[in-house]
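Since the model is a prediction, treat every value here as computed from it, not as a measurement.
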Amino acid sequence: QRELVERGGGLVQPGESLKLSCAASGIVFTFYNMAWYRQAPGKERELVASITEDYRIFYADSVKGRFTISRDNNKNILYLQMDSLRPTDTALYYCNGKRMDSRGRLAAERWGRGTQVTVSS
């Protein structure tokens, strides 16, 4: 079964930290470009951070300097370390994996079901 399972969400106060994880199964994890997306109530899903199979990293401006994305290809796990959390970071966080073919076209895509992060005092 091919799936991505997120863990680590919760309720924290502003300024605190959380670390999300996404465990992959049933896929060749090393072939996948991985990413974290989030969706707040009433808003569109947005890209938070991504890490390619060759470790190129992208961060949205809103999280740059506060969030760190990483991957462990031995354990097939994607991480998102979130520091200095703000109420505006409150959202459902999704793990995403994309495998590209040799021509750079999308060959496969997987989504997790999400983990809720709530930042509130």
> Taking only residues two or more places apart in sequence, or in another chain, which ones meet D101 in a side-chain contact (heavy atoms from CB on, under 4.5 Å)?
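In terms of side-chain contact (heavy atoms from CB on, under 4.5 Å), with neighbours along the sequence ignored, D101 is linked to R103, R105, A107.
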> Please give me the minimum heavy-atom distance between Y59 and A49, naming the atom from each residue.
CD2-CB, 3.6 Å
> Locate the shortest heavy-atom distance separating A40 from A91; write the atom from each residue and the value.
N-CB, 3.8 Å
> Would you find a donor on one side and an acceptor on the other, under 3.5 Å apart, between the side chain of E6 and the backbone of C22?
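A pair under 3.5 Å: no.
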> Cluster question for you: counting only ILVMFWY and a side-chain heavy-atom cut-off of under 4.5 Å, with indirect links fine, are I77 and I69 together?
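Different clusters.
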> Between L92 and L18, is there a shared hydrophobic cluster once you connect ILVMFWY residues whose side-chain heavy atoms come closer than 4.5 Å?
no
> Quick check: do Y55 and I57 have side-chain heavy atoms less than 4.5 Å from each other?
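A side-chain contact under 4.5 Å is absent here.
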> Drop me the distance from C95's SG to L20's CG, to the nearest 0.5 angstrom.
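So the SG of C95 and the CG of L20 are separated by 9.5 Å.
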> What heavy-atom pair brings S50 and A35 nearest, and what distance separates the two atoms?
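Looking at all heavy atoms of both residues, the closest pair is CB-CB, 3.8 Å.
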> How far apart are the closest heavy atoms of A108 and Y32, and which atoms are they?
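So the minimum-distance heavy-atom pair works out to CB-OH, 3.6 Å.
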> Of all residues at least two apart in sequence or in a different chain, which pass the side-chain contact (heavy atoms from CB on, under 4.5 Å) check with S70?
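Applying side-chain contact (heavy atoms from CB on, under 4.5 Å) to S70 gives Y79.
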> Could I get the full list of salt bridge (charged side-chain N to carboxylate O under 4.0 Å, His left out) partners for E16, not counting sequence neighbours?
none
> Which residues end up grouped with M100 if you chain together Ile, Leu, Val, Met, Phe, Trp and Tyr wherever their side-chain heavy atoms are less than 4.5 Å apart?
L106
> Go through the structure and list residues passing salt bridge (charged side-chain N to carboxylate O under 4.0 Å, His left out) with K43, not counting sequence neighbours.
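For K43, no residue satisfies salt bridge (charged side-chain N to carboxylate O under 4.0 Å, His left out) once neighbours in sequence are set aside.
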> Among residues at least two apart in sequence or on other chains, which ones pass side-chain hydrogen bond (donor to acceptor under 3.5 Å, both in side chains) with R66?
D89
> With rounding to the nearest 0.5 angstrom, report the CD to OG distance, E3 to S25.
4.0 Å
> With sequence neighbours excluded, tell me which residues meet side-chain hydrogen bond (donor to acceptor under 3.5 Å, both in side chains) with T68.
none
> Kindly give the cluster partners of V5, where membership spreads through any ILVMFWY side chain lying under 4.5 Å from a current member.
none
> If hydrophobic clusters are built from ILVMFWY residues whose side chains come within less than 4.5 Å, do L78 and L47 share one?
no
> Which residue pairs pass the ring-ring contact (aromatic ring centres under 6.0 Å, His included) test when at least one of the two sits in residues 93-120, sequence neighbours left out?
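Checked against ring-ring contact (aromatic ring centres under 6.0 Å, His included) - neighbours excluded - the pairs reaching residues 93-120 are Y37-W111.
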> Are the side chain of T115 and the backbone N or O of G9 linked by a donor-acceptor pair below 3.5 Å?
yes
> If you round to the nearest 0.5 Å, how far is CD of Q39 from CD of Q116?
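Between atom CD of Q116 and atom CD of Q39 there are 11.0 Å.
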> Calculate, to the nearest 0.5 Å, the distance between atoms CD and CZ belonging to E53 and R99 respectively.
10.0 Å
> Please list, chain by chain and in numerical order, all residues satisfying side-chain contact (heavy atoms from CB on, under 4.5 Å) with D54, sequence neighbours excluded.
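Partners of D54 by the side-chain contact (heavy atoms from CB on, under 4.5 Å) criterion, ordered by chain and then number, come out as T52, R56.
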> Does F29 offer a backbone N or O that forms a donor-acceptor pair with the side chain of R71 under 3.5 Å?
yes
> Under the side-chain hydrogen bond (donor to acceptor under 3.5 Å, both in side chains) rule, collect the residues that match up with N96, sequence neighbours excluded.
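N96 satisfies side-chain hydrogen bond (donor to acceptor under 3.5 Å, both in side chains) with K98, E109 only.
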> Which pair of heavy atoms, one from R38 and one from S62, lies closest together, and at what distance?
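The answer is NH2-OG, 3.4 Å.
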> Which atom pairs, one a donor and one an acceptor, fall under 3.5 Å between side chains of residues 80-87 and the rest of the protein, sequence neighbours left out?
| from | atom 1 | to | atom 2 | distance (Å) |
| --- | --- | --- | --- | --- |
| Q81 | NE2 | D83 | OD1 | 2.8 |
| D83 | OD1 | S17 | OG | 2.7 |

